[in-house]
Asker: 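Questions regarding the structure given below will be posed in turn.
We use all heavy atoms of the structure for the numbers below, so side chains are in, but hydrogens, waters and symmetry mates are not.
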Amino acid sequence: SDIGSQKERVVTEEEWLQKWEMGNIGFHKEQGHPLLQKYLDVLLNGRSGLRIFFPLCGKAVEMKWLADMGHNVVGVEVSEQALKEFFSEHSLPYYEEPVPEISGGKMFQSTSGNISLYCCSIYDLSSSIVGKFDGVWDRGALVAVNPCDRQRYASLMISLMEKNSSYLLVTVSYDPNKHKGPPFYVPESEIKSLFG
């Protein structure tokens, strides 16, 4: 399948920050994602108290939903505005601290301790900073990553996963010649080659 003009497309960090500043966040779902509710059992696999990772988390309401179920949620997002909006919209008290291993990186943590959101580039993270995860909810990350960075992204995600980790991935299907992205079109064959 031809991914058309998308292969060379690059969306900069500044462009993402601008989307948040302008409120151009059509990707945000106020009610949470129906596919997470539908496939929650696949993610949890009968387990409780999981560490669940939200790559490029924005202010996803599912983070609070899963934390309220007793899971530990860790997210990463380049927009500090998005992270602060998450805590204020859910009336969650939090504190902010620098992340010494990441230049300019910050971590926002709920005072209850079960939600930790890193404000930095996802590529600044490693398992030595955030640990490993039992589950990943990737509902808009892989399709937002620049096509040239997909291999780097997938390698990072695999390095953050525990042995019996569950990875829920949402992609979008459309004719990539008609839309420049993001969200980008990621064919199933590429998902298989990225994640095995």
Side-chain angles (χ1 to χ4, degrees), residues 16 19-20 23 25-102 105-145 153 156-171:
W16 284 112
K19 284 179 187 292
W20 281 100
I25 54 168
F27 47 81
H28 175 68
K29 290 198 179 321
E30 293 290 344
Q31 302 307 316
H33 203 291
L35 287 173
L36 179 59
Q37 293 165 9
K38 183 173 178 181
Y39 293 102
L40 183 63
D41 294 345
V42 174
L43 182 66
L44 303 182
N45 195 14
R47 302 168 296 168
S48 57
L50 302 187
R51 292 193 80 232
I52 301 175
F53 187 52
F54 278 67
L56 314 187
C57 62
K59 57 178 183 175
V61 297
E62 300 94 321
M63 295 189 290
K64 181 171 188 309
W65 188 58
L66 285 165
D68 287 347
M69 283 182 209
H71 303 290
N72 276 301
V73 170
V74 176
V76 62
E77 168 60 51
V78 75
S79 167
E80 185 171 323
Q81 176 185 338
L83 300 179
K84 287 181 170 175
E85 284 178 12
F86 168 78
F87 286 108
S88 70
E89 287 171 12
H90 294 285
S91 307
L92 288 173
Y94 69 95
Y95 61 91
E96 177 183 326
E97 60 185 36
V99 181
E101 304 91 331
I102 301 172
K106 295 178 184 176
M107 196 252 294
F108 298 86
Q109 187 166 54
S110 61
T111 50
S112 55
N114 59 351
I115 302 175
S116 307
L117 306 181
Y118 288 80
C119 186
C120 59
S121 161
I122 190 165
Y123 304 114
D124 290 335
L125 292 185
S126 65
S127 58
S128 64
I129 298 171
V130 293
K132 292 195 176 231
F133 299 95
D134 306 301
V136 177
W137 170 235
D138 184 335
R139 89 108 187 124
L142 179 63
V143 296
V145 166
Y153 172 82
L156 170 66
M157 297 311 290
I158 291 165
S159 76
L160 296 177
M161 294 169 72
E162 290 286 10
K163 286 271 182 285
N164 58 350
S165 192
S166 303
Y167 195 111
L168 280 191
L169 171 67
V170 178
T171 61

Asker: Closest heavy-atom contact between H71 and L50?
Answerer: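 Taking H71 first and L50 second, the nearest heavy atoms are ND1-N, 3.0 Å.
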Asker: Taking the inter-plane angle between the rings of F108 and F87 on a 0 to 90° scale, is it parallel (under 30°), tilted (30 to 60°) or perpendicular (over 60°)?
Answerer: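 F108 vs F87 ring planes: tilted.
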Asker: Between Q37 and Q31, what is the shortest heavy-atom contact and its length?
Answerer: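 Answer, listing the atom of Q37 first, then Q31: NE2-O, 3.9 Å.
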Asker: Mind checking the OG-CD1 spacing from S121 to I102? Nearest 0.5 Å is all I need.
Answerer: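 That separation rounds to 8.5 Å.
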Asker: With side-chain contact (heavy atoms from CB on, under 4.5 Å) as the criterion, how do V143 and V170 come out once you've worked through the C-alpha distance, each side chain's angles and the decisive distance to 0.1 Å?
Answerer: CA-CA 8 Å; V143 296; V170 178; over 6 Å; no
Asker: With heavy-atom distances below 4.5 Å as the criterion, would you say the side chains of M161 and F53 are in contact?
Answerer: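 In short, these two side chains do not touch, never coming nearer than 4.5 Å.
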Asker: Any non-hydrogen side-chain atom of Q109 less than 4.5 Å from a side-chain atom of Y94?
Answerer: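 No, too far: nothing below the 4.5 Å cut-off.
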Asker: Within the 4.5 Å heavy-atom criterion, are S128 and E101 side-chain neighbours or not?
Answerer: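 Contact flag for S128/E101 side chains = no.
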Asker: State the CE-OG distance between M69 and S48, to the nearest 0.5 angstrom.
Answerer: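 If we round to the nearest 0.5 Å, M69:CE and S48:OG are 12.0 Å apart.
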Asker: Nearest heavy-atom pair of D124 and I129: which atoms, and what distance?
Answerer: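 Closest pair (atom of D124, atom of I129, distance): O-CD1, 3.5 Å.
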Asker: Can you list the steps and then say if F54 with E77 is a side-chain contact (heavy atoms from CB on, under 4.5 Å)?
Answerer: CA-CA 9 Å; F54 278 67; E77 168 60 51; over 6 Å; no
Asker: Any non-hydrogen side-chain atom of P55 less than 4.5 Å from a side-chain atom of Y153?
Answerer: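 When only atoms from C-beta onward are counted, Y153 and P55 do touch, with a gap below 4.5 Å.
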Asker: If only atom types and distance count, is the side chain of S166 paired as donor or acceptor with the main-chain N or O of G135 below 3.5 Å?
Answerer: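 Flag not set: sc S166 to bb G135 has no pair under 3.5 Å.
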Asker: Measure the NZ-CD distance between K106 and E97 for me, rounded to the nearest 0.5 Å.
Answerer: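 The distance works out to 12.5 Å.
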Asker: Restricting to non-hydrogen atoms, name the atom on V73 and the atom on L66 that form the minimum distance, rounded to 0.1 Å.
Answerer: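 Distance-wise, the nearest heavy atoms are CG2-CB, 4.0 Å.
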Asker: Measuring from L92:CG to M63:CE, what's the distance to the nearest 0.5 Å?
Answerer: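 One gets 10.0 Å once the value is rounded to the nearest 0.5 Å.
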Asker: Might you point out which heavy atoms bring L83 and G58 nearest each other, and give the distance in Å?
Answerer: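 Taking every non-hydrogen atom into account, CD2-O, 3.7 Å.
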Asker: Once salt bridge (charged side-chain N to carboxylate O under 4.0 Å, His left out) is applied, what residue pairs with a partner in residues 35-60 remain, sequence neighbours excluded?
Answerer: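 Checked against salt bridge (charged side-chain N to carboxylate O under 4.0 Å, His left out) - neighbours excluded - the pairs reaching residues 35-60 are K59-E85, K59-E89.
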Asker: Give the C-alpha distance, both sets of side-chain angles, the deciding distance and a yes or no for side-chain contact (heavy atoms from CB on, under 4.5 Å) between I122 and M157.
Answerer: CA-CA 10 Å; I122 190 165; M157 297 311 290; 4.3 Å; yes
Asker: Are any non-hydrogen side-chain atoms of V145 and L56 less than 4.5 angstrom apart?
Answerer: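 V145 vs L56: side chains touch.
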Asker: For Y167, look at atom OH and say whether over 12 heavy atoms of other residues, nucleotides or ligands are found less than 6.0 Å away.
Answerer: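 Check passes, neighbour count above 12.
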Asker: Would you check if the side chain of E80 reaches a backbone N or O of C119 as a donor-acceptor pair within less than 3.5 Å?
Answerer: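 Not a single qualifying donor-acceptor pair exists.
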Asker: State whether the side chain of K132 and the backbone N or O of S159 hold a donor-acceptor pair below 3.5 Å, judged by distance alone.
Answerer: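 Side chain of K132 to backbone of S159: a pair is present.
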Asker: Once you round to the nearest 0.5 Å, how far does CG of L35 lie from CH2 of W137?
Answerer: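 So the gap between those two atoms works out to 5.5 Å.
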Asker: Within the 4.5 Å heavy-atom criterion, are V136 and L169 side-chain neighbours or not?
Answerer: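 Result no, sub-4.5 Å side-chain heavy-atom pair not found.
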Asker: Any chance you could measure S127, atom OG, to L156, atom CG, to the nearest 0.5 Å?
Answerer: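 The CG atom of L156 is 9.0 Å from OG of S127, to the nearest 0.5 Å.
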Asker: Taking all heavy atoms of I52 and all of F133, pick out the closest pair and write down the distance.
Answerer: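 Nearest heavy atoms, I52 then F133: C-CD2, 3.9 Å.
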